[in-house]
2 protein chains.
Amino acid sequence: MPCNKFGWHGKFKECGYRVTVGRKEILDVLTKTTGHLSAEEIYLKVHEKYQSIGLTTVYRTLDVLASIGLLQKFDFGDGRARYEIIDATNEKGHHHHLVCTECKRIIDYKDFIDEEVELLRKTEKALSEKYKFEIKNHLIQFYGLCSECQEHR
Amino acid sequence: MPCNKFGWHGKFKECGYRVTVGRKEILDVLTKTTGHLSAEEIYLKVHEKYQSIGLTTVYRTLDVLASIGLLQKFDFGDGRARYEIIDATNEKGHHHHLVCTECKRIIDYKDFIDEEVELLRKTEKALSEKYKFEIKNHLIQFYGLCSECQEHR
DNA sequence: TTTGCTAATGAAAACCATTTCCATTTATAA
DNA sequence: TTATAAATGGAAATGGTTTTCATTAGCAAA
């Protein structure tokens, strides 16, 4: 999968995907919107500008983006997948999530990210060698109760 | 949630849940079977012994077990939830997963678990204080291609 | 620019894991 | 033993996601 030129446009072409109006707009929404959007939320935002783009296309495009490593798909336990652009130059940068199992609220955090990245690098290297597993991505999440939901107990 | 007596039996009672044949058997299957079982797989195993226990009960019991912290629910991207008993005394012990995004194979690993646990403890403490978030559990997963799926490229 | 090939698309239908409904059963404490 | 509410099973409903298929549109080549 030699899909690593700069810019998603090049990456698309390189991987044999065509650049279409829908894909451009979906990527635009994902880039400009912070947060953890569901497919439907993305569809609604895209729909504001292009009424012709359907939910099916949104799903298909999200699959494509995830498969070429531009997008990460999350399961926060609320019954629908949520998506985030993977962008090192993103102001939010590398971060992880605290997931409230009660109200499903998501809190982004980036504390100890440096230490974490170092441990991950080490782990990834060892696991790659030991299991001949080619690591593309990782996921770290904490589950628990947000301050508000603790009070309701 | 003062649900922390020893043994699941006490934990059940303490949390106001009744101990039933179905729940006993489901817990038995989960304890005796290694791996990452789906609800249906658990149902089929339970069904071998007790034909009267339905899939609905399996789902409900899994929810209960997860809510009292005996069970962890996973999403490995194959369209169904998978479950693992959380058991410190388990021979497998604390481990995480490598998920092949191609064939959905799961590899358990426990390399660098000590360093990881230390970092997690530190992170959990800091995040608890900073966000007043009560952490109950965490998830670490690596995504990529297993050795077999790398060859098929 | 035009053409031809094929990927991409939209809308509707299908899919299918999970949840809900509801009448019946069962665990448990009095 | 009995009363009560929790637990249950089976069927139906739910709803996010995927598939189908006829149509549209990228884009490379002429």
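These numbers were taken from a predicted model, which means no experiment stands behind them.
Heavy-atom contacts from other residues, nucleotides or ligands closer than 6.0 Å to CD of A:Glu115 number more than 12.
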- [ ] Begin with the C-alpha distance, continue with both residues' side-chain angles, and end with the deciding distance and a verdict on side-chain hydrogen bond (donor to acceptor under 3.5 Å, both in side chains) for A:Gln141 and B:His138.
- [x] CA-CA 6 Å; A:Gln141 274 172 200; B:His138 68 261; over 6 Å; no
Every protein N/O within reach of nucleotides 22-26 of chain D N/O, cut-off under 3.5 Å:
{"residue": "D:dG26", "atom": "O3'", "partner": "A:Val19", "partner atom": "O", "Å": "3.4"}
{"residue": "D:dG26", "atom": "N2", "partner": "A:Arg18", "partner atom": "NH2", "Å": "2.9"}
{"residue": "D:dG26", "atom": "N3", "partner": "A:Arg18", "partner atom": "NH1", "Å": "3.2"}

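Atom P of nucleotide D:dA7 and atom CG of B:Asp63 are separated by 12 Å, given to the nearest angstrom. At whole-Å resolution of the value, OH in A:Tyr83 and C1' in D:dG16 are 10 Å apart. Here the P atom of nucleotide D:dG16 and the CZ atom of A:Arg82 are 10 Å apart, to the nearest Å. The distance between atom CG of B:Leu55 and atom C1' of C:dA17, rounded to the nearest whole Å, is 9 Å. Following rounding to the nearest Å, A:Ile26 (CD1) and C:dA8 (C1') show an atom-to-atom distance of 11 Å. In this structure, the OH atom of B:Tyr43 is 15 Å from the P atom of C:dT18, given to the nearest Å. For B:Glu40 and C:dT18, the CD to P distance is 9 Å, given to the nearest whole Å. Rounded to whole angstrom, the span from the CG atom of B:Asp75 across to the P atom of D:dG16 amounts to 16 Å.
Here the side chain of B:Arg60 is nearest to one of D:dT17, D:dC21, D:dT8, namely D:dT8.
The closest side-chain donor-acceptor pair between A:Glu41 and A:Tyr43, if any, does not fall under 3.5 angstrom.
Between atom CG of residue B:Leu70 and atom CG of residue B:Leu30 there is a gap of 10.0 Å, rounded to the nearest 0.5 Å.
Nearest-nucleotide assignment on DNA chain C puts the 5′-proximal partner with B:Lys73, out of B:Tyr17 and B:Lys73.
Among the protein residues, B:Ser52 comes within range of the sugar-phosphate backbone only, with heavy atoms under 4.0 Å from sugar or phosphate atoms but none that close to a base.
Within the 4.0 Å cut-off from OP1 or OP2 of C:dT18, at least one side-chain nitrogen or oxygen of B:Tyr59 is found. In this model, the phosphate group of D:dT8 is approached by a side-chain N or O of B:Arg23 to a distance below 4.0 Å at OP1 or OP2.
B:Phe76 approaches B:Ile106 most closely through the heavy-atom pair CG-CD1, 3.4 Å.
Ring centers of A:Phe74 and A:His97: under 6.0 Å apart, within the cut-off.
Between the side chain of B:Gln51 and the backbone N or O of B:His47 there is at least one donor-acceptor pair closer than 3.5 Å.
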